[in-house]
Number of protein chains: 2
Amino acid sequence: MADDPKDQRPLRADARRNRERILDAAAVVFARDGLEASLDAVAAEAGVGVGTVYRRFPEREMLVTELFTAKIDSFVELAEECAAMEDPWQGLVRFLSEASRRQGEDLAFREIVLGPGATSEMMDMPRQRLAPIVGRMIEGAKANGDLREDFDVLDVPLVEIMLARLNDLTGRVSADLWRRMLTVVIDGLRRDRDQATPMPVDPIRPLDYAAAITNARR
Amino acid sequence: MADDPKDQRPLRADARRNRERILDAAAVVFARDGLEASLDAVAAEAGVGVGTVYRRFPEREMLVTELFTAKIDSFVELAEECAAMEDPWQGLVRFLSEASRRQGEDLAFREIVLGPGATSEMMDMPRQRLAPIVGRMIEGAKANGDLREDFDVLDVPLVEIMLARLNDLTGRVSADLWRRMLTVVIDGLRRDRDQATPMPVDPIRPLDYAAAITNARR
DNA sequence: ATAGAAGCGGAGGAATTCACTCCGCTTTGT
DNA sequence: ACAAAGCGGAGTGAATTCCTCCGCTTCTAT
């Protein structure tokens, strides 16, 4: 094992600058187009040549890893924080809300967290890290009598998928609209309740709806 | 206006046969791939040459119109039936359930009903036909004190989008899974309630979840 | 200041995918 | 049995994507 070929020489100043620009651009493009985003699109967004992208990140995997490792860890942390909250129901509510927000904002992130999007070994199976934590939240909330008994751990990603999808379509036009449906879902998750929780956002307006659906990508 | 060039001569027997095969195939392919489905894929599914498809349906629009006009009318009828039900809340529940099912089963249909997918004038704006009918349902259910006051007509397509999306991902593996979330949403729509409605389907099993997400298209 | 290493842009090759045409052969109806 | 109608699918052209290559530019160390 002679000298490791990575990190041998520090990058030249302009190269370091470009590397940052590529990462920033990739964050935007991957969030918009998902894990299959074209690297040509990243180059364009970054304002550099495609060659530069491929020189710095010969494998798409490197770019993905660099971009999402921290984000995933922070997501697991979020789950842990929520699971540690005093009131398990409040923890679950906060988790569903924050998780849906983060996933709604970043398509690639969603593909990684919800599916086996990243085939990498590095950040493998965020789901497997999350399942036990979310499981604790759910058991706690059921034990307290707040959460309906028939709710299951694997319903959590379903909620996230639904709400994130909503944000895909309407986010440009009404950034928080998905929270209306989050409110409905959360009210639906309670074992029993008197009043409905007021929705935190106004309904979408007809013209905005039309615009949202028209410009929808796929 | 001499003789109209359409329906001039009856199709030859083999042509009529192939036309049917193409329509059947197109139903499958459009349901799966949406309105942008490749006509080559339709030909393959039908087991005919692409030439045959283009000869019979020179404009994609013709194929779409032929396939979906009846389906759309039947959908509007559904809404009318539901709006006419004695108990407005039950009508709304039935509509949400049946609408989500139909849209979950057919991606192209969903694109037409929810968005301005069909640019055609023939079946134009199913939304505009639906809005007043659905509006009546909602007002009725609110007046009866069953539906939460802050629910809006334009929240209805949002519910449909969410649930149909769920079925896109999980339908192959667990055909009725989306009904779990429908139950949650419906419970969330009640103004107040004691018990949660029991979910009508078992949770997805971990291996099925993995399979569903792995094979997900797009 | 300058030589040489490091880095850059982006044209362009190869592969894929889709819409749509064309024409030699086959099937049908009379 | 023969003309008209229909058929298949190879093939053209236009996009789109990945990725390489190489002449030119910029940086850094001396």
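Because the structure is a prediction, the values reported are computed rather than measured. Throughout, a chain's letter reflects where its sequence line sits, starting with A, and its residues are numbered from 1.
Computed from coordinates, the Glu20(B) CD to dC7(D) P distance equals 13 Å when rounded to whole Å. Rounded to whole angstrom, the span from the CG atom of Leu63(A) across to the C1' atom of dC19(D) amounts to 15 Å. Distance, Leu39(B) CG to dG9(D) C1': 15 Å, rounded to whole Å. Whole-Å rounding puts the Met62(A) CE to dC19(D) P distance at 12 Å. Distance CG (Leu35(A)) to P (dC18(D)): 13 Å, rounded to an integer number of Å. One can place CD of Glu61(A) at 17 Å from C1' of dC19(D), the figure rounded to the nearest angstrom. As a whole-Å value, the separation of Glu59(A) CD from dC18(D) P is 14 Å. Atom pair Tyr54(B):OH and dG11(D):C1' shows a separation of 14 Å (rounding to whole Å applied).
In terms of modelled atom types and a separation under 3.5 Å, the side chain of Arg16(B) and the main chain of Pro10(B) share no donor-acceptor contact.
Using bins of under 30°, 30° to 60° and over 60° for the plane-to-plane angle, the ring pair Phe68(A)/Phe109(A) lands in the parallel bin.
At least one side-chain nitrogen or oxygen of Arg56(A) sits closer than 4.0 Å to the OP1 or OP2 atom of dC8(C). Phosphate proximity of dG6(D) to Arg19(B): absent, as no side-chain N or O sits under 4.0 Å from OP1 or OP2. For Arg17(A), no side-chain nitrogen or oxygen approaches OP1 or OP2 of dT26(D) to under 4.0 Å. Taking 4.0 angstrom as the limit, Arg55(B) places a side-chain polar atom (N or O) nearer than this to OP1 or OP2 of dC7(D). Remark: Asn18(B) is not in phosphate contact with dG6(D), judged by side-chain N or O atoms under 4.0 Å from OP1 or OP2. When the side-chain nitrogen and oxygen atoms of Arg60(B) are compared with OP1 and OP2 of dA19(C), one or more of them lie within a distance under 4.0 Å. One finds a side-chain N or O of Ser38(B) lying less than 4.0 angstrom from the OP1 or OP2 phosphate oxygen of dA19(C).
Contact of the Leu78(B) side chain with the Arg94(B) side chain is registered, since non-hydrogen atoms from C-beta on lie closer than 4.5 Å.
Heavy atoms of Ala37(A) sit under 4.0 angstrom from primed sugar atoms or phosphate atoms, though from no base atom. Within 4.0 Å of Asp14(A), counting heavy atoms only, lie sugar-phosphate atoms of the nucleic acid but no base atom.
Taking a 6.0 Å sphere around CD of Gln90(A), one finds it holds more than 12 heavy atoms contributed by other residues, nucleotides or ligands.
Listed nucleotides dG29(C), dC8(C), dC19(D) differ in distance to Arg12(B); the shortest reach to its side chain belongs to dG29(C). Among the nucleotides dG29(C), dG7(C), dG6(D), the one closest to any side-chain atom of Leu11(A) is dG7(C).
The pair Arg21(A)-Asp24(A) fails the salt-bridge criterion, with no side-chain N (NZ, NE, NH1 or NH2) lying under 4.0 Å from an Asp/Glu carboxylate O.
Annotation: of the two residues near DNA chain C, Val50(B) and Arg16(A), the 5′-most nearest-nucleotide partner is Arg16(A).
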